[in-house]
2 protein chains.
Amino acid sequence: MTLKDLARELGVSTATVSNAFNRPDQLSPALRERILGEAKRLGYRGPDAKARSLRTGRSRIIAVILAESLTYSLNDAVSSEFLSGVAEVLDTQGHTLLLLSARQAKCQLVDSASMADGFIVYGLMPSDELFDSLPLNASLVAVDFNVAGHPSVHIDNEPSCFEIADHALSVKSRKRPAIVNLRLTETPCNGRVTPEHILLPPERTITRARLSGFYRALEKHGLDSEQVPMWNVEENTFDVCAPVIEEILDLPDAERPDLLLCMSDRLALTALTLAEQRGLRIPDDLCLIGFDGIAEGQYRAPRLTTIRQESGDKGRLAARMILGLEPRHSRLLKTELILGETCH
Amino acid sequence: MTLKDLARELGVSTATVSNAFNRPDQLSPALRERILGEAKRLGYRGPDAKARSLRTGRSRIIAVILAESLTYSLNDAVSSEFLSGVAEVLDTQGHTLLLLSARQAKCQLVDSASMADGFIVYGLMPSDELFDSLPLNASLVAVDFNVAGHPSVHIDNEPSCFEIADHALSVKSRKRPAIVNLRLTETPCNGRVTPEHILLPPERTITRARLSGFYRALEKHGLDSEQVPMWNVEENTFDVCAPVIEEILDLPDAERPDLLLCMSDRLALTALTLAEQRGLRIPDDLCLIGFDGIAEGQYRAPRLTTIRQESGDKGRLAARMILGLEPRHSRLLKTELILGETCH
DNA sequence: TTGTACGCGTTATCAT
DNA sequence: ATGATAACGCGTACAA
């Protein structure tokens, strides 16, 4: 049953049937009633989305391209919250959400992509050439990194990290701070960062900005940031974090850090769990700070001291920009220091 | 730049260009090279997905229709894990994932839907009529509930709940068990379930099956299940669960249950957090069991005693069935009892 | 209200 | 074998 069949059946033109569905004002109410009634009776389900999107050039589909795999992104609290914000706005506006990952085979990514009306790109992409393959006219908003020629949504990573590290270092004198990084080395590294490791360039990744904030706070407190031991973790999941955190916690007492500046809540929560297992008192023996402000860190005792970034707002804003509900220029969102009980 | 333009530019037919992209065996390698080379040079990005999907009838898009809102589903660990499993398989098979919610306006849901090649329906839908509007030929797999004429994927809710409740009641004598339900009343209810409340019919919802399992275990242990107090929560989030759990925990000592049979880990974790805040010792003062086996319940101390359902496997299986990688008949997945420290 | 060109490829059929 | 032709998929938009 197609629109054309229905038109023939009713003895009206296809245009009229189309109008009955899309533009009520273009035909008499009586005729419209009749068309809709017959449509239902004959089992015609309304204009086909594929045909319509070919004709109009729009699909009402917005694609989110995630830097990480879908499997990871969907299980991570921060990106889930982001997606949830995106979905909320799209839903309201009658659009739908197509999930893509930059990790997918390029060809299939690109042609699924050409169905979408717009793109929200979340996180640092493995390469920029991807963007050359996207439809030229489609709009694009980058989140947490920049794409030349397109607006982006960021949070103020450096100041936030300065603020929280400054807080951590002020509360009580900590002799042995250490930093736990997320995906910050040029080559993959799960473990201690040595001078041989090259760090990703500042403009490429948000974690580098977080590191700068930590460094600035350390310097302010008279510490030589170069001397502060640093670890790195490649993936923000318990399973990947745990071995690295264990390596830290299992250092001899005299060497074990008494303050961990973690770049994510997942890192900090992993440290918290493993530290508790080892009988370390928090915050007395070990002080912890995180970043993100995920629910899991707050609905527990002790609550994590962390920086709350509103990932949901980030998603909502990006979605609104894509849909043209918001001016298309780059935005910087604020964060908030949450004082929990893991650092005081 | 369309395929037609490129064909004209090269002086070959559109069919040949199409073949160069889709069926290398249909033309000489030399010609194919030339076409692909020129395509790149002239900025032709390959066949347009919209046009192709109109012609072929396929889009390589699989839609997941979620019973809950996208906002909720993306933030919930269980459904995220499910989606993650779906995405993993689709990815591998060159398909993409479109997220829809049964809560969306019907019309937009239906027409976004008509783009998809297949549907995975997750959770109890508000109404069945939705399925009448879906494309007739499209394949459909239901998860956690049944849709007439289509295969489904289930877990064994009743036996699992019997098993864990039986365990809980065996470990030590508990005088005052109580049940915390999830969305089980006919009319919304966040609080104590009274005889006036009508419960959803067993065939409609998995939580009713869970309740049966609990009841069977209670009877086995000589308890009158009718007498066991029951609460109900409408949404599986901390914010909605908390007030109900507080109502339970704040009962006078003599009335407060010493065993909570919770239908989800979120419920149990909420109870755990709030109980700890009140200085209740777990499991001595209060014994807790959950359902789901989400990571959050295991990466902590005490770990939750719960039933682990492999939501990821559920998603993978549903996706494989939709893609025809798996026979299209209903399947029942096994669960596993996880002995944590919240009930012994 | 209607006729109809158009959007962009795909594929069956035909020709060389 | 290779390549070309043309019908087809389903609506939409604009002129009439």
Side-chain angles (χ1 to χ4, degrees), chain A residues 1-36 38-39 42-60 107 110-117 135-138, chain B residues 1-36 38-39 42-60 107 110-117 135-138:
Chain A
M1 245 301 161
T2 70
L3 184 146
K4 205 177 283 180
D5 297 332
L6 181 60
R8 189 178 325 107
E9 205 76 34
L10 287 167
V12 300
S13 81
T14 59
T16 302
V17 177
S18 176
N19 286 331
F21 281 93
N22 305 313
R23 268 163 316 196
D25 53 306
Q26 297 296 303
L27 73 174
S28 68
L31 179 53
R32 177 156 191 264
E33 278 311 298
R34 185 167 141 246
I35 291 175
L36 264 39
E38 285 297 280
L42 296 172
Y44 176 65
R45 289 158 156 63
D48 176 84
K50 296 198 247 280
R52 163 187 284 161
S53 75
L54 173 59
R55 177 63 225 199
T56 61
R58 308 197 187 303
S59 57
R60 304 185 76 77
C107 59
V110 167
D111 79 43
S112 310
S114 74
M115 305 260 331
D117 294 346
L136 289 162
N137 55 331
Chain B
M1 246 300 161
T2 71
L3 184 145
K4 203 177 283 179
D5 297 332
L6 180 60
R8 190 179 325 107
E9 205 75 33
L10 287 168
V12 299
S13 81
T14 59
T16 302
V17 176
S18 176
N19 285 331
F21 281 93
N22 304 315
R23 269 164 315 195
D25 53 306
Q26 297 295 305
L27 73 173
S28 66
L31 179 55
R32 177 158 191 262
E33 278 310 298
R34 183 165 144 250
I35 293 174
L36 264 40
E38 285 298 280
L42 297 173
Y44 176 65
R45 286 154 157 66
D48 176 83
K50 294 197 249 280
R52 161 185 286 161
S53 75
L54 172 58
R55 177 63 221 198
T56 62
R58 309 198 183 306
S59 57
R60 304 187 76 77
C107 61
V110 167
D111 81 41
S112 309
S114 74
M115 305 258 340
D117 294 344
L136 290 163
N137 57 331

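If you're wondering where the values come from, they're calculated on a predicted model, not measured in any experiment.
Taking atom NZ of B:Lys50 as the reference point, atom C1' of C:dG9 lies 13 Å away to the nearest angstrom. In this structure, CG of A:Leu3 is placed 13 Å from C1' of D:dA13, rounded to the nearest angstrom. Here the P atom of nucleotide C:dC8 and the CG atom of B:Asn22 are 17 Å apart, to the nearest Å. Between the CG atom of A:Leu10 and the C1' atom of C:dT1 there is a distance of 14 Å, rounded to whole Å. B:Lys4 places its NZ atom 9 Å from the C1' atom of C:dG7, with the value rounded to the nearest Å. Rounded to an integer number of Å, the gap from B:Ile35 CD1 to D:dT2 P is 13 Å. With rounding to whole Å, A:Arg45 atom CZ is found 14 Å from D:dC10 atom P. Whole-Å rounding puts the A:Gln26 CD to C:dT2 C1' distance at 12 Å.
Rounding to the nearest 0.5 Å places CD of B:Glu33 at 10.0 Å from OG of B:Ser28. Here the CG-OG distance, from B:Asp117 to B:Ser53, works out to 8.5 Å after rounding to the nearest 0.5 Å.
B:Thr2 comes within 4.0 angstrom of sugar-phosphate atoms only, judged by non-hydrogen atoms across all strands, and of no base. As judged by a 4.0 angstrom heavy-atom cut-off over every strand, A:Tyr44 is placed among residues touching the sugar-phosphate backbone only. Residue contacts for B:Val17: at a heavy-atom cut-off of 4.0 Å it reaches no nucleic acid atom on any strand shown. Residue B:Ser28 is classed as a sugar-phosphate contact, given heavy-atom separations below 4.0 Å to backbone atoms only. B:Ser18 comes within 4.0 angstrom of a base, heavy atoms only. Across all strands, A:Leu27 comes closer than 4.0 Å only to sugar-phosphate atoms, never to a base (heavy-atom distances).
A 4.5 Å side-chain heavy-atom check between A:Ile35 and A:Leu10 finds at least one atom pair inside the cut-off. Looking at heavy atoms from C-beta onward, A:Asn19 lies out of side-chain contact with A:Thr16 at the 4.5 angstrom threshold. Within the 4.5 Å cutoff, side-chain heavy atoms of B:Leu42 are placed close to those of B:Leu6.
Mapping A:Phe21 and B:Leu54 onto DNA chain D by nearest heavy atom places B:Leu54 closer to the 5' end of the strand. A residue-by-residue look at B:Thr14 and A:Ala15 shows that B:Thr14 has its nearest nucleotide of DNA chain D further toward the 5' end.
At the phosphate of D:dT12, OP1 or OP2 sits under 4.0 Å from a side-chain N or O atom of A:Arg52. Close to D:dA13, at under 4.0 Å from its OP1 or OP2, lies a side-chain N or O of A:Arg23. Using a 4.0 Å cut-off, no side-chain N or O of B:Asn19 falls inside it from OP1 or OP2 of D:dG3. Checking the phosphate oxygens (OP1, OP2) of D:dG3, no side-chain nitrogen or oxygen of B:Thr16 falls inside 4.0 Å.
Each of C:dG9, C:dG3, C:dT11 was ranked by its minimum atom distance to the side chain of B:Asp48; first place goes to C:dG9.
Pairing each heavy atom of B:Phe21 with each of B:Gly46, the nearest pair is CE2-CA, 3.9 Å.
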